[in-house]
Protein chains: 2
Amino acid sequence: MGTREQIVDAANRLFYEQGFERTSFAAIAESVGISRGNFYYHFKTKDEILEAVIQARLASTREMLATWDEGSAGPLERVRRFAEIVITNQGDIENYGCPVGTLTNELAKLGHPSRAHAVGVFEVFRTWLRGQFEELGRTADADDLAMYVLTFTQGVATLSNAFRDRDFVRREVARLNTWLTEQIAIA
Amino acid sequence: MGTREQIVDAANRLFYEQGFERTSFAAIAESVGISRGNFYYHFKTKDEILEAVIQARLASTREMLATWDEGSAGPLERVRRFAEIVITNQGDIENYGCPVGTLTNELAKLGHPSRAHAVGVFEVFRTWLRGQFEELGRTADADDLAMYVLTFTQGVATLSNAFRDRDFVRREVARLNTWLTEQIAIA
DNA sequence: GTCTATACGCTGATAGAC
DNA sequence: GTCTATCAGCGTATAGAC
């Protein structure tokens with residue numbers, strides 16, 4: 001893995017764990033094992049690293065969803081799998097929250113121009129979820145249902161981070177799965 | 001209003017709009033109209049200001065809910081009013097997110113010892129909501145329902161902050177109100 | 001491509017005059 | 001209680017040797 005790629009990888013992780021603004025060049029450099037000076041050969045400003053991290057997240061998200069689409073599971077199972085991310089990533093969410101929601105909010109508070117790009121990750125999930133509901137026959141309100149599922153994940157992630165209560169997460173996932181079953185019964 | 005109270009007020013607002021760590025002493029001092037030096041007469045460290053802000057938020061939250069309880073509205077109307085906060089505070093939420101969820105997450109990422117106190121604001125809402133559902137006759141699962149309503153507000157706030165789509169917020173509030181009607185029908 | 005050395009503003013925080 | 005003056009440390013960023 002090239003140095004630039006290592007920097008983006010380390011920054012991606014640190015931006016998630018500590019936040020964008022709090023993460024210093026020194027911390028990223030130390031994480032990668034290079035000097036602070038060498039840093040500026042690859043990225044001229046901190047905003048450039050942020051942009052690279054956002055692009056990497058967009059790419060990895062699209063890749064993950066494409067892999068899911070290629071699998072044998074149907075759209076209902078795929079949406080269930082998406083909702084269960086709050087269980088799969090439970091430890092990280094308890095410690096740091098959802099990487100998408102917390103970054104977009106931090107950039108909103110900073111008034112950062114890259115905020116819109118960060119929201120793009122939400123848009124990738126939204127579009128993908130909409131496609132799943134369309135496959136399930138809910139073409140008229142597929143986007144509404146997609147937004148509802150996104151709302152669910154963000155609400156659970158925020159409260160999982162606050163309360164760190166695994167029973168709560170399990171119950172809410174069960175509630176969403178019941179809701180999902182009702183939705184496809186309607187279609 | 002005393003100087004100390006003004007400091008807490010300004011810090012409360014700035015912590016919400018800019019985040020805790022990003023808000024500097026200089027910014028708070030400027031907002032209040034005092035010098036940076038005078039600051040340390042009232043608060044010895046930044047963490048002390050944070051604690052004062054959290055205590056102020058706890059007090060104002062309790063006060064607001066007590067006022068609601070004293071009103072003529074029943075528990076169902078009160079819960080609806082709570083859910084509609086995402087519309088009442090729509091502008092601020094679009095710009096800065098939910099003050100409770102974003103502070104608890106920032107403190108989680110910082111590993112800050114006051115995180116638990118910040119979560120206390122969530123606990124105040126949770127306890128109050130639980131009481132409303134108990135009044136509605138859902139004693140067995142009042143806490144689950146309370147957590148669901150909290151999950152709703154946090155999810156909507158995060159996506160309202162990301163997408164800034166007022167139709168989405170309106171639709172989700174309508175969806176919750178429908179859900180609430182179903183819940184009291186069960187009881 | 002990677003390093004060391006360095007500039008310089010802003011941070012939280014302190015000391016002491018008034 | 002409020003002020004000015006000042007501190008040490010860290011932040012991003014640059015210059016230039018290797």
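Below, chain A is the first sequence line, B the second, and so on; all start at residue 1.
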Point to revise | chain B footprint on DNA chain D, 5' to 3' - any atom under 4.0 Å from a heavy atom | key: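 Terminal contacting nucleotides, 5' to 3': dG1(D) to dT4(D).
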
Review point. Going by number, which of residues 39-55 of chain B have a non-hydrogen atom under 4.0 Å from DNA chain C?
Key: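 Tyr40(B), Thr45(B), Lys46(B), in order of number.
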
**Study point:** Proximity to DNA chain C (any heavy atom under 4.0 Å), residues of residues 5-38 of chain B only
**Key:**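 The stretch gives Thr23(B), Ser24(B), Phe25(B) as the residues lying under 4.0 Å from the strand, ordered by number.
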
**Study point:** Residues in ring pair (Phe, Tyr, Trp, His ring centres under 6.0 Å) contact with Tyr148(B), at least two apart in sequence or another chain
**Key:**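 For Tyr148(B) the ring pair (Phe, Tyr, Trp, His ring centres under 6.0 Å) partners, ignoring immediate neighbours, are Trp179(B).
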
Residues that [X] engages under salt bridge (charged side-chain N to carboxylate O under 4.0 Å, His left out), provided they are two or more places apart:
X	answer
Arg78(A)	Asp69(A), Glu135(A)
Arg115(B)	none
Arg81(B)	none

Could you list the donor-acceptor pairs under 3.5 angstrom formed by side chains in residues 26-41 of chain A, with sequence neighbours left out?
unit_1   : atom_1 : unit_2   : atom_2 : d
Ser35(A) : OG     : Asn38(A) : N      : 3.3

Name all residues meeting the side-chain hydrogen bond (donor to acceptor under 3.5 Å, both in side chains) criterion together with [X]; count only those two or more places apart in sequence or in a different chain, and write none if there are none.
X	value
Gln154(A)	none
Asp47(A)	His112(A)
Glu48(B)	none

Practice item. Kindly state whether the ring of Phe168(A) and the ring of Phe163(A) have centres lying under 6.0 angstrom apart. Key: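 Distance test on ring centres: not under 6.0 Å, no.
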
Compile the donor-acceptor pairs under 3.5 Å between side chains in residues 91-106 of chain A and protein atoms, sequence neighbours left out, one pair per line.
unit_1    : atom_1 : unit_2    : atom_2 : d
Asp92(A)  : OD1    : Arg13(A)  : NH2    : 3.1
Asp92(A)  : OD2    : Arg13(A)  : NH2    : 3.3
Glu94(A)  : OE1    : Arg166(A) : NH2    : 3.0
Glu94(A)  : OE2    : Arg166(A) : NE     : 3.0
Asn95(A)  : ND2    : Gly91(A)  : O      : 3.3
Thr102(A) : OG1    : Cys98(A)  : O      : 2.7
Thr102(A) : OG1    : Lys109(B) : NZ     : 2.9
Thr104(A) : OG1    : Val100(A) : O      : 3.1
Thr104(A) : OG1    : Gly101(A) : O      : 3.0
Asn105(A) : ND2    : Tyr96(B)  : O      : 3.0
Asn105(A) : ND2    : Asn161(B) : OD1    : 3.4
Glu106(A) : OE1    : Phe20(A)  : N      : 2.9
Glu106(A) : OE2    : Phe20(A)  : N      : 3.2
Glu106(A) : OE2    : Glu21(A)  : N      : 2.9

